[in-house]
Amino acid sequence: MTERVWHKASYSSGSGSCVEVSEGTETLVRDTQNRELGYLRFETKEWSALLNTLKK
């Protein structure tokens, strides 16, 4: 299995309170300060719908 590449959300501030996203065939989202607690998993269609809703 290929290791996932994570990046901080573009709206994250320098305070350390942010989320990281790993995009691919599915999108994973995790809390930067609590990585060991796991992540949320979104199918591509769900992730796109969420982003489109947030942009409105």
Side-chain angles (χ1 to χ4, degrees):
M1 181 175 194
T2 306
E3 187 173 331
R4 300 290 300 229
V5 176
W6 294 86
H7 61 87
K8 287 187 180 180
S10 60
Y11 287 97
S12 297
S13 65
S15 68
S17 299
C18 55
V19 295
E20 295 175 321
V21 177
S22 178
E23 297 170 301
T25 56
E26 59 189 4
T27 300
L28 308 180
V29 181
R30 67 183 180 189
D31 180 350
T32 301
Q33 293 182 342
N34 296 292
R35 293 178 179 133
E36 71 283 354
L37 295 178
Y39 49 83
L40 299 174
R41 181 187 318 251
F42 296 91
E43 293 181 16
T44 302
K45 183 177 175 181
E46 294 172 320
W47 183 247
S48 294
L50 174 64
L51 293 180
N52 288 331
T53 299
L54 294 174
K55 289 179 183 179
K56 293 180 181 181

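On a predicted model such as this, the values are computed, not experimentally measured, just so you know.
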Using side-chain contact (heavy atoms from CB on, under 4.5 Å), reason through V5 and H7 one step at a time and then give a plain yes or no.
CA-CA 7 Å; V5 176; H7 61 87; 5.9 Å; no
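A distance of 14.5 Å separates OG1 in T27 from NZ in K45, rounded to the nearest 0.5 Å. Between atom CZ of residue R30 and atom CD of residue E20 there is a gap of 4.5 Å, rounded to the nearest 0.5 Å. Interatomic distance, CD of E26 versus CG of L40, reported as 12.0 Å (0.5 Å rounding).
Within a 6.0 Å sphere centred on CD of E46, other residues, nucleotides and ligands contribute more than 12 heavy atoms. With a 6.0 Å radius and a threshold of 12 heavy atoms from other residues, nucleotides or ligands, Y39 has its OH atom at or below the threshold.
A distance-only check finds a donor-acceptor pair linking the side chain of T44 to the backbone of T25 [under 3.5 Å]. Without hydrogens or angle criteria, S22 side chain to L28 main chain gives no donor-acceptor distance under 3.5 Å.
There is a path of hydrophobic side-chain contacts, each under 4.5 Å, that joins F42 to V19.
Residues W47 and E23 have side chains in contact (heavy-atom distance under 4.5 Å, counting atoms from C-beta outward).
Taking every heavy atom of both residues into account, V21 and V29 meet most closely at CG2-CG2, 4.4 Å. Minimum interatomic distance between G24 and R4 (heavy atoms only, all atoms of both residues): N-NH2, 3.9 Å.
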